[in-house]
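Accompanying notes for the structure given below.
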Amino acid sequence: MRAQSSATAPSGIAVGGQETGGHGRSSGTLQAALGVVAFSLTFPATAWGLEGFGPWSLIAVRSILAAAIAGGCLLALRVPLPERRHRAGLAVVGAGVVLGFPLLTTLALRTSTTAHAAVVVGLLPLTTALFSALRVGTRPSRTFWLAALAGAAAVIAFTVQQSGGALTSADAYLFAALLVCAAGYTEGGRLARVMPGWHVIGWALVLCLPLTVPMAAVALSFEPVHLTAHGVTGLLWVAVGSQFLGLVVWYRGMAAIGIPKASQLQLAQPLLTLVWSVLLLGEHLTVAAPLTAAAVLVCIAVTQRARG
C-alpha cells in the first residue's frame, strides 16, 4: 500500500482528518472530554479484569482485541500505510499508551486501590504539558501554568488523602507509568495533526502485535484464567473503550485544541475515577470530594481560557 500523506487546507476545513476553526475547537474540547470519561473507567475496569485474568494476560489480551478492531477498520477502509517519517512516533505511542501505561498501572493495581492509583492521573496533565513544551515547542502562558499547578496540587492532595497519606511499593509503577504515558500522549497529539486520530492509535496497536501475541501466549500458559462477568466486562472495556475508542476521540481532541489544553481536562479524571470506584467497586469517599471537584473545575476553566 502507498504511504499516507498529510494535507493542508484553509481554516474551517478538515486537515489530516481534523477540523479547524471555532467549530473545530468546540468539537475538539468535546472529544477530549469524552476521552477523559472513557479513561476514568480504566482503573475500575482493570480491577474487574484482574478478577478473571493475571496482569500480564490482561494487558496482552486487551491489546490484541483492540488491535483486531483497529486493524479490521484500517483494512476495511483501505487506509494507506503511514509515511515512514511518522513510524518512529507511532512506536513511541505504542510503547507509551498501548503497552507501558496499561502494564505498569495494572501491576500497581494488584496491591493499590483505585483511589491511590488515581494520583498518577492527577499528575498526568502537568507532565503531558511539560513533554509537549519539550517535544512540540508549545509555550503556554504563566496563567495557564499557575492554573495547571493549582489543579494538579488539588488532585494530588485529594487522592493522597483518600489513600490515607501512605505511599506503597506500587508508586514506582505509577510514576513510571506517568512518564511513558505523557510521552505517548504528546507524540500521539503531534501525529494527530497530520492524520486522523483513530489512525494514530490504530497503527500503534497493530505495530505492537509482534510483541503482544507472543506475550499473550506465554502469559496465558502461566497465569490462571477464571471467566467471570466482572472479569470479561473489565477486559472488554479496557480493550474497546479505553484502548481504542477513548484514544480515538482523545487524539482528535488534542489535535483540535492543542496538547496542553486538552491535557488539563484530565484534571477531572481522578475525581471521575473515584465516583466510578464508589458505584462499581464499593469504595467510600470523604466530604472533600465536592470541594476538590469545584476547585478542579475552576482550574480547568482557567486553562481553557488562557492563551499560550
Side-chain donor-acceptor distances from residues 288-300 under 3.5 Å, at least two apart:
residue	atom	partner	partner atom	Å
Thr292	OG1	Ala288	O	2.9

Donor-acceptor pairs are to be reported for all side-chain atoms of residues 94-109 against protein atoms at under 3.5 Å, with residues two or more places apart or in another chain.
residue	atom	partner	partner atom	Å
Thr105	OG1	Phe101	O	2.7
Thr105	OG1	Pro102	O	3.3
Thr106	OG1	Pro102	O	2.6

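- Within the 4.5 Å cutoff, no side-chain heavy atoms of Leu34 are placed close to those of Trp250.
- To the nearest 0.5 Å, atoms CG (Leu74) and NE2 (His199) are separated by 6.0 Å.
- The side chain to side chain donor-acceptor pair (under 3.5 Å) analysis of residues 211-224, with sequence neighbours excluded, yields the pairs Ser57-Glu223.
- Counting only distance, with no hydrogens or angles, the side chain of Thr186 and the backbone of Ala182 share a donor-acceptor pair below 3.5 Å.
- Side chain of Arg87 to main chain of Pro82: a donor-acceptor pair is present (N/O by atom type, distance under 3.5 Å, no hydrogens or angles).
- Considering only heavy atoms from C-beta on, Phe175 stays 4.5 Å or farther from Thr127 through its side chain.
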Extract all donor-acceptor atom pairs below 3.5 Å that involve side chains of residues 41-49 and protein atoms in other chains or at least two apart in sequence.
residue	atom	partner	partner atom	Å
Thr42	OG1	Phe39	O	3.0
Thr42	OG1	Ser242	OG	2.7
Thr46	OG1	Thr42	O	2.7

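- Here the side chains of Val240 and Leu65 are not in contact, with every heavy-atom distance at 4.5 Å or above.
- Pro270 places none of its side-chain heavy atoms less than 4.5 Å from the side chain of Phe158.
- Contact detail for Leu211 and Pro214: the closest heavy-atom pair is O-CD, 3.5 Å.
- With a 4.5 Å cut-off on side-chain heavy atoms, Val61 and Leu220 count as touching.
- Cluster annotation: Met195 and Leu77 are assigned to the same hydrophobic cluster (Ile/Leu/Val/Met/Phe/Trp/Tyr, side-chain heavy-atom contacts under 4.5 Å, transitive).
- For the pair Ala239 and Gln243, the tightest heavy-atom approach, listed with the atom from each and the gap, is O-CB, 3.2 Å.
- Contact between Gly89 and Arg190 at its shortest, heavy atoms only, is CA-NH2, 4.4 Å.
- A chain of hydrophobic side-chain contacts below 4.5 Å, direct or via other Ile, Leu, Val, Met, Phe, Trp or Tyr residues, connects Tyr251 to Leu191.
- Taking CH2 from Trp276 and CG from Leu271, the interatomic distance works out to 13.0 Å, rounded to the nearest 0.5 Å.
- Other members of the cluster containing Val92 do not exist, because no ILVMFWY side chain is joined to it at under 4.5 Å.
- Linking ILVMFWY residues whenever their side-chain heavy atoms come closer than 4.5 Å, directly or via other members, leaves Leu124 and Val180 in distinct clusters.
- Put simply, CG on Leu207 and CG on Leu90 are 7.0 Å apart, with the number rounded to the nearest 0.5 Å.
- In this structure, a donor-acceptor pair under 3.5 Å is absent between the side chains of Gln269 and Thr273.
- Inter-residue side-chain proximity for Asp171 and Leu174 is flagged as met; some heavy-atom pair is nearer than 4.5 Å.
- Residues Leu265 and Ala32 approach most closely at CD1-CB, 3.6 Å, considering heavy atoms.
- We find the NE2-CG distance between His230 and Leu281 to be 8.5 Å, quoted to the nearest 0.5 Å.
- Here the closest heavy-atom approach between residue Trp198 and residue Ala70 is recorded as CZ3-O, 4.3 Å.
- Summarising the hydrophobic clusters (Ile, Leu, Val, Met, Phe, Trp, Tyr; side-chain heavy atoms under 4.5 Å, direct or chained), the residues clustered with Leu179 are Phe131.
- Residue-environment remark: CH2 (Trp56) stays at or below the threshold of 12 foreign heavy atoms within 6.0 Å.
- Two residues are said to be in side-chain contact when any heavy atoms from C-beta on lie closer than 4.5 Å; Met215 and Ile59 meet this criterion.
- Side-chain heavy atoms closer than 4.5 Å link hydrophobic residues (I, L, V, M, F, W, Y) into clusters, and following such links, possibly through other members, connects Trp203 to Met254.
- When all heavy atoms are compared, the tightest approach of Gly197 to Ala192 is CA-CB, 4.4 Å.
- In this structure, Val37 is not a member of the same hydrophobic cluster as Val249, with clusters built from ILVMFWY side-chain heavy atoms closer than 4.5 Å.
- In this structure, His86 NE2 and Glu187 CD are separated by 10.5 Å, a value rounded to the nearest 0.5 Å.
- In this structure, Leu58 CG and Glu51 CD are separated by 11.5 Å, a value rounded to the nearest 0.5 Å.
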